[in-house]
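What you see below is based on every heavy atom in this structure, not just the backbone, and it leaves out hydrogens, waters and symmetry mates.
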Amino acid sequence: MNSIVHPATNPALVVSPGSCWHASLELEFAKTARGCRLTHNRHVGPLYVQRPFYPEGIDLAHVYLLHPPGGIVSGDRLQISVQLNEGTKVLCTTPGAGRLYRARSDLRLQEQHNILTLGSGSSLEWLPQETIVFPGAHAQLTTRVNLAKDASFIGWEITSLGLPVSNIEFTSGSLHQRLEILLDGLPLLIENIIVDSRTLSLYHSACGMRSLPVSGIFVAGPFAAGQSNTFTAEVLHSLASVVEPALCGITKVGNFLVGRYLGKCSEEARRCFRSYWRALRPHLLQREAYAPNIWTT
């Protein structure tokens, strides 16, 4: 993986000050007498939230993550930190797709790092729109979920390589995408995707991604052993093939249910994962699914 070279150490890479952005967002939630409240909200650069919404009641906050530029270029770095204190319940989503544009000739990384920390008895639903990776992008995306005992997590990541709607294929560039879920510091689930010039042939192969540009992963858990035994078989059967002819399915991995999508359409991937979310949310969080209002606008 290439390192970021600071312009000060290499005059040949000096760029104009406005050509890259380092933005960060720190959110912290606490359970109070007035319900789940956003108690700390600090942002640097064009990355922020306006205010939480409470369509399901005061104990669960819906939060929309806003990035007005809408995309990441060479040298940009976004970092999002979400801290849920004990007993808090939060749903995070985004109003639109993220974009990773074609890198400049210096190939400086385009980065986004999400650090999600869940306290005891808390729950986080991390449901962003898809990320579109333009041909020629040079990107690194990481999401780390740190779970405490009795915390619950539902999340998904959807990635589009190229622009399938415009018949623009991902013929060059690189993407390193990593998802980590840890419980008290011990890894429970690690997903790693690397697409670059060395692995592009695997992307096109039958044992790889079959030249299908849109992929995604859905994760829900951890479920208690006794709890999962009562419904897992029924849920897995009902969700085994939600969307055709795309490749999708859901399996049990440890105490998590993990869904996957591979196809040609981001909207189809969202429909698939929302079906999983609607079916599993009542079992894991004891709540019927309530779609964020931003999804219908």
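In terms of modelled atom types and a separation under 3.5 Å, the side chain of R99 and the main chain of A97 share a donor-acceptor contact. In this structure a side-chain-to-backbone donor-acceptor pair under 3.5 Å is missing from S74 to D76. Between the side chain of H283 and the backbone N or O of L285, no donor-acceptor pair lies under 3.5 Å. Remark: the backbone N or O of I154 is not paired with any side-chain donor or acceptor of W126 at under 3.5 angstrom. Formation of a donor-acceptor pair under 3.5 Å by the D59 side chain with backbone atoms of G35 is not found in this model. Not a single donor-acceptor pair under 3.5 Å links the side chain of E26 to the backbone N or O of R42. With hydrogens and angles disregarded, a donor-acceptor distance shorter than 3.5 Å links the side chain of H22 to the backbone of G75.
Cation-pi contact between R270 and W295: absent, since separation from the ring centre below 6.0 Å together with deviation from the ring axis within 45° is not met. Taking the ring centre of Y54 as origin, the terminal cationic atom of R37 falls inside the region bounded by 6.0 Å and 45° from the ring axis.
Here the closest heavy-atom approach between residue G259 and residue Y276 is recorded as CA-CE1, 3.9 Å. Between H43 and G45, the shortest heavy-atom distance links the atoms ND1-O, 3.0 Å. When all heavy atoms are compared, the tightest approach of E111 to R77 is OE1-NH1, 3.0 Å. Taking all atoms of both residues into account, the shortest heavy-atom contact from P135 to F170 is CA-CD1, 3.8 Å. What you find for V214 and K264 is that their closest heavy atoms are CG2-C, 3.7 Å.
Residue R274 qualifies as enclosed at atom CZ: its count of foreign heavy atoms under 6.0 Å is above 12. Within a 6.0 Å radius of NZ in K31, other residues, nucleotides and ligands contribute 12 heavy atoms or fewer.
Here SG of C36 is found 11.5 Å from CD of E56. Values are rounded to the nearest 0.5 Å. Note that OG1 of T93 is 7.5 Å distant from CG of L65, once rounded to the nearest 0.5 Å. Of the inter-residue distances, the one linking S160 atom OG with Q129 atom CD reads 13.0 Å to the nearest 0.5 angstrom. Atom CD of residue E157 and atom CD of residue Q177 lie 5.0 Å apart, to the nearest 0.5 angstrom. Atom CG of L189 and atom CD1 of I217 lie 5.5 Å apart (nearest 0.5 Å). Taking OG of S211 as the start and CG of L161 as the end, the distance is 11.0 Å to the nearest 0.5 Å.
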>> Run T143 and N114 through side chain to side chain donor-acceptor pair (under 3.5 Å) and show every step you take.
In response: CA-CA 5 Å; T143 298; N114 308 313; 3.1 Å; yes
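Ring planes of Y290 and H62: perpendicular class, angle over 60° (limits at 30 and 60°). Using bins of under 30°, 30° to 60° and over 60° for the plane-to-plane angle, the ring pair F273/F218 lands in the tilted bin.
A side-chain contact (heavy atoms from CB on, under 4.5 Å) with L100 is found for exactly one of I132, V73, I72, T159, namely I72.
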Can you give me every donor-acceptor pair (side chain of residues 144-153, partner residue at least two apart or in another chain, under 3.5 Å) with its distance?
residue	atom	partner	partner atom	Å
R144	NE	E180	OE1	2.7
R144	NH2	E180	OE1	2.8

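Using modelled atom types, one finds a donor on one side chain and an acceptor on the other under 3.5 Å when comparing E268 with Y261.
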